[in-house]
Protein chains: 2
Amino acid sequence: MPSDPTTTSYAVLGLLRLRPWTTYELAKQVRRSLNWFWPRAERKLYDEPKRLVADGLATAEEGFTGKRRRTTYAITDGGRAALARWLDEPPAARSHESEGMVKVFFADAGDLDQLRTTLGRLEAEAAERLAALAELAAEAEGPFPERRHLGALCLRLQHDQERAVLDWTRWARTQVDTWRSTTDPGRWDTRAVLATMTEEPR
Amino acid sequence: MPSDPTTTSYAVLGLLRLRPWTTYELAKQVRRSLNWFWPRAERKLYDEPKRLVADGLATAEEGFTGKRRRTTYAITDGGRAALARWLDEPPAARSHESEGMVKVFFADAGDLDQLRTTLGRLEAEAAERLAALAELAAEAEGPFPERRHLGALCLRLQHDQERAVLDWTRWARTQVDTWRSTTDPGRWDTRAVLATMTEEPR
DNA sequence: GGTCGCATACTGCCTTGTGCAGTATCTCTG
DNA sequence: CAGAGATACTGCACAAGGCAGTATGCGACC
């Protein structure tokens with residue numbers, strides 16, 4: 001017997017609820033939307049629907065494009081029910097991974113130029129992502145116009161977070177430029193920066 | 001021959017550069033600091049130093065507390081060099097995981113109450129994390145006062161992102177409260193929300 | 001008509017990482 | 001002197017990532 005469905009199972013199930021998909025289409029759709037807050041390798045998205053079928057949450061239909069085999073997956077009533085139940089459960093804690101921040105944190109193992117380069121790369125990344133989000137927001141017609149309001153809600157958060165990162169990279173750059181070295185911030189007022197985080201509204 | 005060190009390897013190496021640690025101490029230190037932008041299970045942190053030793057980047061010293069075995073790891077010169085070289089490499093892309101956002105995105109599989117509950121949980125989580133960050137910022141003396149400026153830089157970003165999430169949860173709540181159902185936003189102006197993301201400074 | 005490049009549609013395999021259970025010993029407190 | 005919590009790990013099963021490899025379909029261009 002298969003173990004409990006994972007969040008990734010439910011994410012795929014959520015898409016299957018909208019319409020049937022082949023795994024290839026599923027993978028592309030995930031890259032457009034879910035990838036922002038639930039990134040999963042394409043490889044994984046080819047395995048996941050099989051598990052859903054094994055659990056009775058989806059069905060698989062074999063088809064052909066000429067000689068090429070093609071599996072289309074669709075949600076079942078049991079899948080729809082499981083999805084609705086899952087919405088009630090408390091979500092797992094958020095998690096952020098940023099190798100760039102690890103490099104900033106350990107910047108004192110290198111020099112100021114290395115730190116500036118890392119900050120520049122983080123800035124470029126944030127700018128690119130913000131541009132990609134703006135493009136998504138500008139699209140007049142997405143594939144599911146009846147779900148546009150939910151997309152807008154999610155896009156808004158993604159955008160605000162990306163904006164925060166971009167603004168930070170620029171601020172960090174100006175701050176670091178006043179340092180004497182990665183180990184000596186000179187007259188930089190560390191305490192003042194920290195204080196802004198303690199004297200804030202909740 | 002072991003494969004290339006991972007980001008996690010370098011993260012542990014970065015801490016070993018500061019002083020020698022036992023894995024237990026290492027795990028606790030990671031939870032305090034790195035966990036915010038490079039979260040790794042405690043289990044992994046027990047394996048990682050062994051690989052560093054195998055690669056010649058660290059050394060292990062067996063010790064005893066009474067009868068209890070205890071391994072203390074320390075960085076080598078090769079480790080210090082590898083760490084400095086690693087700082088030059090472009091960092092991997094950031095990645096954010098939020099099961100809560102997946103639930104918001106697929107909220108149309110459930111009702112408004114479920115969506116409101118999920119938003120409430122996301123808000124509580126963000127508030128807790130923000131409070132934890134404020135506490136870290138308020139600490140007069142951390143274990144490495146000479147690295148306080150780097151900690152402040154990282155803390156600032158973490159704080160700004162958390163703030164963005166908290167503000168969003170509250171905004172989202174007010175918006176959702178005007179909806180008729182999860183599938184019908186009523187007079188809510190989806191287009192206006194999306195427009196704010198396209199008409200912005202870069 | 002042919003072939004080149006890109007899209008479609010997967011599978012295998014190895015490594016990384018998570019979560020949980022289990023096994024000790026040490027130290028402090030009442 | 002018992003019990004609770006901290007210290008210090010290991011084993012195992014499963015989730016997930018990354019890369020290479022194997023096809024076929026289809027449209028563009030010569």
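So you know, we letter chains A, B, ... as the sequences are listed, proteins then strands, and number each from 1.
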Any [X] side-chain nitrogen or oxygen under 4.0 Å from OP1 or OP2 of [N]:
{"X": "Arg70(A)", "N": "dG25(D)", "answer": "no"}
{"X": "Thr22(B)", "N": "dA8(D)", "answer": "yes"}
{"X": "Thr8(A)", "N": "dA16(D)", "answer": "yes"}
{"X": "Thr23(A)", "N": "dA9(C)", "answer": "no"}
{"X": "Tyr24(B)", "N": "dA8(D)", "answer": "no"}
{"X": "Lys50(A)", "N": "dT11(C)", "answer": "yes"}
{"X": "Lys28(A)", "N": "dT8(C)", "answer": "yes"}

- Message: What's the closest nucleotide to the side chain of Thr71(B) if the choices are dT11(C), dT16(C), dC9(D)?
- Response: dC9(D)
- Message: What's the closest nucleotide to the side chain of Lys67(B) if the choices are dC26(C), dG17(C), dG17(D)?
- Response: dC26(C)
- Query: Which part of the nucleic acid, if any, lies within contact of Pro49(A), taking any heavy atom under 4.0 Å across all strands shown: a base, the sugar-phosphate backbone alone, or nothing?
  - Reply: nothing
- Message: Mind checking if Pro5(A) touches a base, just sugar-phosphate, or nothing, with heavy atoms under 4.0 Å?
- Response: nothing
Integer-rounded Å distance: [N] [atom2] and [X] [atom1]:
{"X": "Tyr73(B)", "N": "dT7(D)", "atom1": "OH", "atom2": "P", "answer": "17 Å"}
{"X": "Gln29(A)", "N": "dA7(C)", "atom1": "CD", "atom2": "C1'", "answer": "17 Å"}
{"X": "Arg31(A)", "N": "dA9(C)", "atom1": "CZ", "atom2": "P", "answer": "14 Å"}
{"X": "Tyr46(B)", "N": "dC12(D)", "atom1": "OH", "atom2": "P", "answer": "19 Å"}
{"X": "Glu48(B)", "N": "dT16(C)", "atom1": "CD", "atom2": "C1'", "answer": "9 Å"}
{"X": "Asp47(A)", "N": "dC13(C)", "atom1": "CG", "atom2": "C1'", "answer": "12 Å"}

- Query: When you look at CD of Glu61(B), are more than 12 heavy atoms from neighbouring residues, nucleotides or ligands closer to it than 6.0 Å?
  - Reply: no
- Note on the structure: The residue among Glu97(B), Met101(B), His96(B) that forms side-chain contact (heavy atoms from CB on, under 4.5 Å) with Trp38(A) is Glu97(B)
- Message: Checking Thr65(B) against Arg70(B): is there a side-chain donor and acceptor pair closer than 3.5 Å?
- Response: yes
- Query: Have Glu99(A) and Thr7(B) got a donor and an acceptor in their side chains that come within less than 3.5 Å?
  - Reply: yes
- Toward the 5' end of DNA chain C, by each residue's nearest nucleotide, Ala41(B) or Arg68(B): Ala41(B)
- Compute the centroid of each ring, for His149(A) and then for Trp179(B), and state whether the two points are separated by less than 6.0 Å. yes
- No-H, no-angle donor-acceptor pair, Arg43(B) side chain to dG11(D) base, under 3.5 Å: yes
